[in-house]
Amino acid sequence: MADKTDQVMELAKRRGFLWPSFEVYGGAAGFYDYGPLGATMKKRFEDLWRHVFVKTEHTPMAEIFCPRVTPEPVLVASGHVGEFTDLLVTCLACKAPTRADHLVTAAGYKGNAGALKAPDIDAQLAALKPKCPSCAKAAGFTPAVKQNLMNATEIGPGSGRVGYLRPETAQGIFTDFPLLFRHFRERLPFGVVQLGGSNRNEISPRQGMLRLREFSMMEAEVFYDPGKKTHPRFSEVASRTATFVPNADEKDHHLTFGQAVASGMVANEALAYWLARTQEFLLAAGMDPKRLHFRQHLKDEMAHYAADCWDAEFHSDRYGWVECVGIADRGSYDLTQHAKHSGKDGKLNPEFTRVIAATPGIAFTATVPVPAKPFFPTLKQDARAAEAAMWEGSAYAQEAARRGLDTAKWAERNERYLITEKEVRREPATAPLTVQANGKDIIVPASAYEIATLDVTVQGKRILPCVIEPSFGVDRILYALWEHGLETGEKNGEAYTRLKLSPKVAPIQVAILPLTNKDGLPAKAEEIEWTLRAAGFLTDNDDSGSIGRRYARQDEVGTPFCVTVDNDTLKDQAVTVRNRDTGAQDRIAVRGLAEHFRAVFG
RNA sequence: GCGCGGUUAGUCUAGUGGUAGGACUGUACCUUGCCAAGGUACAAGCAUGGGUUCAAAUCCCGUACCGCGCACCA
């Protein structure tokens, strides 16, 4: 009993969309080749994504391309080196490495050894005293160490510099952030996208296209001022509707994106905007709207740094709801990590903390008590603490705090305003001042301090931008388009398959079919085909078998239009254009054919 | 990683130890003149390694790959 997945995979393999990689050598789990039609469709699909997320996006957007081989420190900072791990021990006698959980299980441990932490593994090994599978001696093992599950490699021969194939494309964008910020002329927001391959050495690749060891991603990292997670064009998407599954009740809510923000279901406007754009893209690519929803991560599923996270999920007959896009408000987590790890002496790398323009109109004037000449000799060891207390208790400091300005020059903050303080006046104090410092009241005599009046101007704010990340799994979505597009039924009592691919991603846009192989029709068909190719269309030319058979072939690979060349064509210079979905036929002049299709394909 | 099931042409499938069969697809020619018509011919297969046996697609063991469950899972 072939279910939809079987039908899709059978069709994909038979017609050149998708092939198991390296099959003549026995294959390799978790890898697929895109065949001629699949590769073309993938390319069109990615170009459609660029159209939505770069070309027609009002936020300034740019595409970059980074290497897949990534030096270890980058992935230490991102947390991947610490996360993708298994435990490994080494035999003290023969130095052969073994996976610790296997060893423990083989020695009789009941339960899930894979869930044991390193100290538990060590304890089990000490108790069970297993033999080394390599040398058969029970000589003991080294303590368990974490073995990373990323695909490791070397950078340079024998240099010992460790690298990994990246598990996501995002890190290249984050590490380039200082350069990108400059490229965008130091203004937020802006977005950077990357399309490319990533690798995860999955323990157990499963479910066809849904869990691969090498896969393609399309990721956008959109950087925002943390205080301004809005989008100027939100009104254009606010009235569109979608199905939301919030973590509060895990039920379907049919709402507009505007309502989802207003009700607080989606954390902020910018995030909701990217959800809407994601929906727009997926529907344009051909996903079934009834089989698409947005599911909010459960509270324990959400990473601790994520302010909010929604997955776009498509519904598959066999697999149920499948995540294919993750849209996360990642806060400033990634930039913070890279700022910390690439910084010196434990300080944030200033390359990652960015000065942005100030909000106008927050300059003010206020007074602050400042030490006069006798201050230090008078107060002696309490002087430093008293000075700080005077500053903190001043009208100036209180006004600054009220306005959210951080005036503490020594503060290690991710976010602070850059201010200039200009002293406009200084007057002698008229009364003693009492401050609390070092756990006691300290009286500062009037002779020991003066009153300074400061003009304060906010020049800008030093921040770590936060980021909203729409991250697309290419292979999963392509699978969804095949499954959602697949239409099986009967035609004249025979099984009939139609693949209703969106014209925007179909690998063949127009098939040219000479009605017969006589009377110069094939030559005419070829001439017409080349006209269309020259106009930029993806075409196929099929003169084999009956016309019905050829329509069926094209329907099966999702070709939206067939052009039939008949004997009349030679006389009237017109062809029949047949619509895949409706079967409708139009007579179109050859001369205007390219223009006709240009209009149809948009 | 553990467990269960599977692997025969491009695809689907028959085949309980004795020459691997069919359907569909494909290609060529004839035919056909707008929705998988017909004829003729051709091409194409037992995942892999070992074992048992006079003889293995078939029985046994290992491996790879595929699917499912469990485990794992930015």
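Just so it is clear: chains get the letters A, B, ... in the order the sequence lines come, proteins before strands, and each one is counted from 1. Any value given below was found using the heavy atoms of this structure, including those in side chains, with hydrogens, waters and symmetry copies removed.
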| message | Using Watson-Crick or G-U wobble geometry with both distances under 3.5 Å, which nucleotide pairs with A23(B)? | response | U11(B)
| remark: Using Watson-Crick geometry (N1-N3 plus N6-O4 or O6-N4) or G-U wobble (N1-O2, O6-N3), each under 3.5 Å, C73(B) is paired with none
| So, is the end of the Lys42(A) side chain (NZ or CZ) under 6.0 Å from the ring centre of Tyr34(A) and within 45° of the ring's axis? | yes
| request: Tell me which of Cys309(A) and Met209(A) sits closer to the 5' end of RNA chain B, going by the nucleotide each one is nearest to. | output: Met209(A)
| request: Answer yes or no: side-chain N or O of Arg211(A) and base N or O of C73(B) forming a donor-acceptor pair under 3.5 Å. | output: yes
| When rounded to the nearest Å, what value does the distance between P atoms of A23(B) and A43(B) take? | 16 Å
| field | Taking every non-hydrogen atom, the tightest pair across Val8(A) and Glu483(A) | value | CG2-CA, 3.6 Å
| said: For the C1' atoms, the ones on A74(B) and on C2(B), what distance do you get once it is rounded to whole angstrom? | reply: 25 Å
| query | Does U40(B) have a Watson-Crick or wobble partner in any strand here, with both distances under 3.5 angstrom, and which is it? | reply | A28(B)
Close N or O pairs between protein and nucleotides 23-26 of chain B (under 3.5 Å):
from: U25(B); atom 1: OP1; to: Arg549(A); atom 2: NH1; distance (Å): 2.7
from: U25(B); atom 1: OP1; to: Arg549(A); atom 2: NH2; distance (Å): 3.4
from: G26(B); atom 1: OP1; to: Arg553(A); atom 2: NE; distance (Å): 2.4
from: G26(B); atom 1: OP1; to: Arg553(A); atom 2: NH2; distance (Å): 2.3
from: G26(B); atom 1: OP2; to: Arg549(A); atom 2: NH1; distance (Å): 3.1

| query | C34(B) base to Asp566(A) side chain: any donor-acceptor pair below 3.5 Å? | reply | yes
| request: Establish, with yes or no, whether the OP1 or OP2 oxygen of U32(B) is under 4.0 angstrom from a side-chain nitrogen or oxygen of Ser546(A). | output: no
| task | Using both distances under 3.5 Å as the test, list the Watson-Crick or G-U wobble partner of G5(B), or none. | result | C66(B)
| task | List the steps, then state whether side-chain contact (heavy atoms from CB on, under 4.5 Å) holds for Trp274(A) with Glu469(A). | result | CA-CA 9 Å; Trp274(A) 291 107; Glu469(A) 176 196 75; over 6 Å; no
| task | For A56(B), give its Watson-Crick or G-U wobble partner with both distances under 3.5 Å, or none. | result | none
| request: Please state the P separation for the pair A64(B) and A55(B) - nearest whole angstrom. | output: 29 Å
| query | If we only count heavy atoms from C-beta on, is the His341(A) to Val76(A) side-chain gap below 4.5 Å? | reply | yes
| said: Salt bridge check, Arg553(A) against Asp540(A): does any charged N sit closer than 4.0 Å to a carboxylate O? | reply: no
| query | So which of residues 506-519 of chain A are in contact with RNA chain B, with a heavy-atom cut-off of under 4.0 Å? | reply | Leu515(A), Thr516(A), Asn517(A), Lys518(A), Asp519(A)
| query | Near RNA chain B, under 4.0 Å by heavy atom, which residues of residues 575-585 of chain A? | reply | Thr576(A), Arg578(A), Gly583(A), Gln585(A)
| query | Can Arg578(A) be said to sit on top of Tyr551(A)'s aromatic six-ring, NZ or CZ under 6.0 Å from centre and within 45° of the ring axis? | reply | yes
| task | For G45(B) versus A57(B), give the span between their C1' atoms, rounded off to a whole number of Å. | result | 11 Å
| field | Test: Arg498(A) and Asp555(A) ion pair at under 4.0 Å | value | yes
| query | Are Asp566(A) and Lys524(A) ion-paired here, with the side-chain N under 4.0 Å from a carboxylate O? | reply | no
| Rounding to the closest angstrom, what is the interatomic distance between C54(B) and A47(B) at atom P? | 24 Å
| query | Salt bridge check: are Arg68(A) and Glu214(A) linked by an N-O gap of less than 4.0 Å? | reply | yes
| task | Tell me which of Asp542(A) and Asp311(A) sits closer to the 5' end of RNA chain B, going by the nucleotide each one is nearest to. | result | Asp542(A)
| message | Would you say Lys13(A) places a side-chain N or O within less than 4.0 Å of OP1 or OP2 belonging to U11(B)? | response | yes
| C35(B) - base-pair partner by Watson-Crick or wobble geometry, distances under 3.5 Å | none
| query | OP1 or OP2 of C68(B) less than 4.0 angstrom from a side-chain nitrogen or oxygen of Tyr319(A), does that happen here? | reply | yes
| How about Ile508(A) and Leu538(A): do any of their side-chain heavy atoms sit closer than 4.5 Å? | no
| Glu323(A)/Arg295(A) salt bridge by N-O under 4.0 Å criterion | no
| query | Across all strands shown, which nucleotide pairs with G17(B) by Watson-Crick or G-U wobble geometry, both distances under 3.5 Å? | reply | none
| Any idea how Phe53(A) and Phe472(A) line up, ring-wise: parallel (<30°), tilted (30 to 60°), or perpendicular (>60°)? | perpendicular
